[in-house]
2 protein chains.
Amino acid sequence: MAFPQRVKMSDVARTAGVSVATVSKVVNGRYGVAQATVERVRQVIHQLGYEASLGAQSLRSHRTNVLGILVSEFEPFSTELLKGASREVAGTGYQLLAYSGGDGDGAGIGWERRSLARLSGTLIDGAVIVTPTVVETRQGFHVVAVDPHTGPSGLPTVDSDNFTGAMLATNYLLSLGHRRIAHLSGRPDLESARLREAGFRKAMADAGVPVDERLVRVGGFRVESAAATAAELLALADRPTAVFAGNDLSAISTMDVARSMGLAVPDDLSVIGFDNVPESALVNPPLTTIAQPLQRMGAEAMRLLIDVIGGVERDPHVRLPTELVIRASCAAYPPPPRPGRPVPAATAGDAPPITGG
Amino acid sequence: MAFPQRVKMSDVARTAGVSVATVSKVVNGRYGVAQATVERVRQVIHQLGYEASLGAQSLRSHRTNVLGILVSEFEPFSTELLKGASREVAGTGYQLLAYSGGDGDGAGIGWERRSLARLSGTLIDGAVIVTPTVVETRQGFHVVAVDPHTGPSGLPTVDSDNFTGAMLATNYLLSLGHRRIAHLSGRPDLESARLREAGFRKAMADAGVPVDERLVRVGGFRVESAAATAAELLALADRPTAVFAGNDLSAISTMDVARSMGLAVPDDLSVIGFDNVPESALVNPPLTTIAQPLQRMGAEAMRLLIDVIGGVERDPHVRLPTELVIRASCAAYPPPPRPGRPVPAATAGDAPPITGG
DNA sequence: ATGAAAGCGCTAACAG
DNA sequence: CTGTTAGCGCTTTCAT
């Protein structure tokens, strides 16, 4: 058997001695084809290894049984969602197509609009879009957003309880005795970033600790921008003793910056993150963070999308709980007396139980 | 502004007062369009937010600037490759489309042929396919395989040094004093699995330790199949004191089975894996394993694909090094004396330095 | 410089 | 039951 070029429907038709229309009917299980013909065509399809072209098929039929998940790039956050999405989609008859539409520099505002425009209407029956940069609804196409943009949008969404999570993080730092706590906030356009900052402020207020506004700065959720901001923060004369980073990537970035400035984590600086991507456990020291159930979020998003497509009546917003994961990047302040280390004159903060979620 | 339906080229043409042919020329930067017209059309495109339909475009032009990465499902192994692939593709002008073509049950032999047939010729300009189940070459379409199938195939490939990695793993176990070492082998159709078993046997032979054939069984690289085989192995009267699992998933599965049988890891059983997926560090105890540079493999595969498409002359096979990552799932055998625990009558094996990679 | 028209591989009426 | 026909949205000759 020679290497076939791409085998198309017309090849099958010719070989089976029928028209392409008949082959199409067989492929799509339409009624009105003689049993014998069906068998023969099936036979040929198998023998030739024919598979319908997604492009041509969807161009015509607007139905593909393929669901899209649109991300800016494949990084730890989105790939965790992907794992959950993949699991949820298995066995539903849908296939998953993940599309990375960003420019790679993260500056690609509007990537999701472009990606959506390129793929919707053809290729995919619906899409979940991850941390979109703009709000836009398009009629007649099914979309659900994970970790949505700020502001009202008609979209179905799935996110986690960012506000409570942020309070958890802040309270933990407070319970360790920290008072000069910085917040490296995320992408200002994302609702999640806004809520994390709000939770931070609420926890501080509840504890009666005033927020030093110079310690609240945009980190932008990305490595480079977070590193720049972290550097500013740590260069301050009265630098913070702890930082609550908007996400794990920023937290890890902050730890790197601290190290390069000669500061030890957690001895000289406590750092807490948000997300609990697998990478957060792999760094040194392992990162204390707020866990979002990332894989479950991906799965819920797919479930929601499938339900929306299927016209199922249901709550179009799902919010999942967050929880504190204590590892090793946070320490008590002031540090307990150690041999050879001067002891600050304050009393150590005690550690009341942490609750929430 | 009302919610637009999908805006198509004809909409742009009508609004700009030109034909679709002209719009197409502008979109594709063809010569022979008046500068003034170009400007006007660009203007309208921007204003309407037009984006070409991938489906229609590729159906006609067979060039899309989209590269595919085809996987059976999105699990830790493939998503690590994805991260590296994504990074490599950024800035090349290509976009990445990841397609999960498996049935989800892992039994989908031939998924890559189906996926390839559906997407190639249209939609994508080339593809890297991950752990393919069959060997097949198709003329005129560019494919590179990661962790390829056994047997010769004309495909460009990227993999890691599985043989040396397996020797590393086995030697480490031997150095800890283990002699009854089991091997939970991988998917028999994959070259990587074959090489890992070969490396295991070589290391055993080099050490003069005979392989008990009852301790070498197929685990299949997947959770369920590995669990079943692990259960058989551990139920043996003279069960192994250590198992070298074909990959991390099997290793983790083995630890679960051991735990459920009342065996402690690493005290009663040492387990070593292969891959070093992030999850391997997160389990309890953290898994000792052989690291493959997964993200780099993904990146190299994309580089190779881009070079192949571009007609660059180069070595079509890249093999990356593996290395031992010691965590906490392996212990010395026999165990050193401990209070309240009977001491076996043998001498503890010492631990010579490990080399290789 | 521009547009009319053909056709990529497929599906969906409609006729026969 | 089967084939003919007309597009889906786009690119590409080829006239004008």
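Owing to the predicted nature of the structure, the values given are computational and were not obtained by experimental measurement. Every chain is numbered from 1 and lettered A, B, ... according to where its sequence line falls, protein lines coming before strand lines.
The side chain of B:Lys25 approaches D:dT13 more closely than any other nucleotide in the set D:dT11, D:dT13, D:dT2. When the nucleotides C:dA12, D:dT11, C:dC10 are ranked by their closest atom to the side chain of B:Met9, D:dT11 comes out on top. When distances run from any side-chain atom of A:Ser61 to the nucleotides D:dT12, D:dC10, C:dA12, the shortest one goes to C:dA12. Comparing D:dG9, D:dT2, C:dT11 by their closest approach to the side chain of B:Ser53 singles out D:dG9. The side chain of A:Asn28 lies closest to C:dT11 when the candidates are D:dG9, C:dA1, C:dT11.
For A:Thr22, a side-chain nitrogen or oxygen approaches OP1 or OP2 of D:dG3 to under 4.0 Å. Between A:Ser10 and C:dC10, a side-chain N or O to OP1/OP2 separation shorter than 4.0 Å is absent. Put simply, A:Ser58 has no side-chain N or O that comes within less than 4.0 Å of OP1 or OP2 on C:dC10.
Heavy atoms of B:Tyr50 sit under 4.0 angstrom from primed sugar atoms or phosphate atoms, though from no base atom. Contacts of A:Ala34 with the nucleic acid, taken as non-hydrogen atoms under 4.0 Å apart, involve only primed sugar atoms and P, OP1 or OP2. Heavy atoms of B:Val18 sit under 4.0 angstrom from primed sugar atoms or phosphate atoms, though from no base atom.
Rounded to a whole Å, the NZ atom of A:Lys8 is 8 Å from the C1' atom of C:dC8. Nucleotide D:dC8 holds its C1' atom 17 Å from the CZ atom of A:Arg63, rounded to whole Å. As rounded to whole Å, 17 Å separates atom P of D:dC8 from atom CG of A:Leu123. Distance CG (B:Leu59) to C1' (D:dT11): 10 Å, rounded to an integer number of Å. Rounded to an integer number of Å, the gap from CZ of B:Arg118 to C1' of C:dG9 is 13 Å. Distance, A:Glu51 CD to C:dC10 C1': 14 Å, rounded to whole Å. Computed from coordinates, the A:Gln57 CD to D:dC8 P distance equals 18 Å when rounded to whole Å. A:Asp11 places its CG atom 12 Å from the P atom of C:dC8, with the value rounded to the nearest Å.
No more than 12 heavy atoms of other residues, nucleotides or ligands lie within 6.0 Å of CZ in B:Arg42, so this atom counts as exposed by the packing criterion.
Contact between A:Leu304 and A:Pro156 at its shortest, heavy atoms only, is CD2-CB, 3.9 Å. Closest approach of A:Val44 and A:Ala16 over heavy atoms only: CG2-CB, 3.8 Å.
Between A:Arg319 and A:Glu300, none of the side-chain N atoms (NZ, or NE/NH1/NH2) sits under 4.0 Å from a carboxylate O, so this pair counts as no salt bridge.
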In sequence, state the C-alpha distance, the side-chain angles, and the governing distance for A:Ser78 and A:Glu75, and then conclude on side-chain hydrogen bond (donor to acceptor under 3.5 Å, both in side chains). CA-CA 6 Å; A:Ser78 54; A:Glu75 25 68 39; 2.8 Å; yes

Please evaluate residues A:Gln43 and A:Glu39 with respect to the criterion side-chain hydrogen bond (donor to acceptor under 3.5 Å, both in side chains), reporting the C-alpha separation (whole Å), side-chain torsions for both, the decisive distance (0.1 Å), and the verdict. CA-CA 6 Å; A:Gln43 171 78 25; A:Glu39 310 262 295; over 6 Å; no

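When each of B:Val20 and A:Ser24 is assigned the nucleotide of DNA chain C bearing its nearest heavy atom, the one mapping closer to the 5' terminus is B:Val20. Each of B:Gln35 and B:His62 has a nearest nucleotide on DNA chain C; the 5'-most of these lies closest to B:Gln35.
Judged by atom type and distance alone, A:Arg60 reaches the base of D:dG7 through a side-chain donor-acceptor pair under 3.5 Å.
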